[in-house]
Engineer: 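Mind looking over this structure? Questions follow.
All ligand and atom numbering here is 1-based and tracks the order in the structure. Only this structure's heavy atoms are used, side chains among them; waters, hydrogens and symmetry mates stay out.
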Amino acid sequence: MALRRPTRLPAFLLAGLFALLPACGKDIATEPEPPPPDLQRYALIPWPQRIEPRSGDFSIDEGTRVVLSEPVNAELQSIAALVTESLRAATGIEVPVALASGAEGTGNTIALRLSQEGEPASPEEYRLSVAPTGVILSANTPAGLFYGAQTLRQLIPLEGAGRAIPAVEIKDAPRFTYRGMHLDVGRHLFPVSFIKRYIDLLATYKINTFHWHLTEDQGWRIEIKRYPKLTQIGAYRKETRVGHAHQPPEVYDRTPYGGFYTQAEIREIVAYARQRYVTIIPEIEMPGHSRAALAAYPELACTAGPFTVATTWGVFDDIYCPKEETFQFLENVLAEVMDLFPGTYIHIGGDEAPKKRWEESPAAQAVIQREALKDEHELQSYFIRRIEKFLNAHGRRLIGWDEILEGGLAPTATVMAWRGMKRGMVAARQGHDVIMTPIDDLYFDLYQANPAGEPLAIGGFTDLREVYAFEPIPVELTAQQAKHILGAQGSVWTEYMKTPEHVEYMVFPRMLGLAEVVWSPREARNWDSFSRRVPAHLERLKARGVNYRAPQGP
Ligand code: ACM
């Protein structure tokens, strides 16, 4: 994100208008279920598919055991460790883990069971039964069990808040298969420890995809063994623009900035994410947002260079030239990327690629001639299709920002719709899978309150309530077309976020709203209910040291 401008008025200007409207959540609910009597007692986010409050509590004491049913494997043990850690944090009691003797659910036990019975509606489904006599958590898959454990963790009191888990019957499964959060580490990068913490926070809220934006004009952040200059040169900029890039004066901090993730660190993060059922989608930007790569390898550009790693924010004319050596380079880079990231999807960017250099380049024009393309937009489409073929040949699938629609969409591509819902709808109607992350609702780099009281941000406005009201499936789509909407994502561009604390401030609590949008049934979405559950989560985030923004702002 760079050229983005606020496309709507900030809400503080519209506050009067909003006051006249009914709560957004209430509009969404067609047949609202009666809210459970006590949202403090069941302060779950995201709200489960089915929940039946029960009276009484399960009390954790020195006799409590976590018991595992056969078959016991490493995944089950790791989920058990998660549960015992939550119990220890809340109560100080080290709850032992034992093999089940057949009497689960009674006798002061918390039973974890990977059952293979029946056809699950979703591989992420789970069932959780809390009774005064015992707890049973079961699922068909480790992922389901993991999500059930997240729900159980939210029912376990915070440290010092007692030892009682409220009785309840829950059957739960997600509404969408793609529940994503993005992070741009090109503009500013964050330590491995923070990337892990971010993944942990995502997993707590049942977000299952981390879209890791690894390359930018202002920095190349992933070690590629075959091209060492990408990080020797491309990972460092001379200095950084101070203040907002669109506002004078133009001042720079005269401080070199940079860094990157080694392949060993990336493998460590991928393994860490896998243990938390989070898939990482790496993004390697092309053909635009490639100034850092061109600074390292100027021969990949259409003009002679030299180029520098960008020091301000924006969209730059110098992009990869569609020459054979560029494709060779990108394929070699992607081969290393595929080796590091086992997930199906590879994101290749595709956004904000000015065509100026291609218009003026004999090499680019020769490709247009040779391939009988109409213009530079079709040339971009040719570029993306070539990369798509390469990824497909290696068993992977391509995702790109919605600009990849221009000049004709690559046949198996998934579209990430960011410039509004419309392009996502176009792609879904063409039978392509779509992920919604529209700038106006789900860009968490926008202001969440009156800018006068906020740290500098890119512009625009989207607060928790607006995120919560976001509906990924446009009403205009048929049921068949709607199946192509895989889910939605919060996007976090870091031009104006230099520290992990600032990232947390922009992400929380907005991510809580997103979590419910992508997980909970549409008819269960209710702003009044949600907003009464949020304070308990702010307490939990505070206990984890998360620098959230208090939502009751101006
Ligand atoms: C984008 O914000 N340029 C995808």
Engineer: Could you tell me whether some N/O pair between Y443 and ligand 1 is separated by less than 3.5 angstrom?
Structural biologist: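 The answer is yes, given that Y443 and ligand 1 share an N or O pair closer than 3.5 Å.
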Engineer: What about W401: any of its N or O atoms under 3.5 Å from an N or O on ligand 1?
Structural biologist: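 Looking only at distances, the answer is no, because the N/O contact criterion of under 3.5 Å is not met.
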Engineer: Measure from NZ or CZ of R179 to the centre of the six-membered ring of Y147, then state whether that distance is under 6.0 Å and the direction lies within 45° of the axis.
Structural biologist: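 Geometry flag: set, cation within 6.0 Å and 45°.
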Engineer: Got an N/O contact under 3.5 Å between H289 and ligand 1?
Structural biologist: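 No; the residue has no nitrogen or oxygen that sits under 3.5 Å from a nitrogen or oxygen of the ligand.
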Engineer: Quick one: side chain to side chain contact (heavy atoms under 4.5 Å, CB included) partners of A245, sequence neighbours excluded?
Structural biologist: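 Counting only residues at least two positions away or on another chain, A245 forms a side chain to side chain contact (heavy atoms under 4.5 Å, CB included) with T312, W313, Y496.
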Engineer: Can the positive tip of R276 be found less than 6.0 Å from the middle of the six-membered ring of Y272, inside 45° of the ring normal?
Structural biologist: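 That pair qualifies as a cation-pi contact.
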Engineer: Would you mind listing which atoms of ligand 1 come within a distance below 4.0 Å of any non-hydrogen atom of W493?
Structural biologist: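 Answer, ordered by atom number: 1 (C), 2 (O), 4 (C).
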Engineer: Would you list the atom pairs, donor with acceptor, under 3.5 Å between side chains in residues 340-348 and any protein atom, with sequence neighbours excluded?
Structural biologist:
| from | atom 1 | to | atom 2 | distance (Å) |
| --- | --- | --- | --- | --- |
| H347 | ND1 | G349 | N | 3.0 |

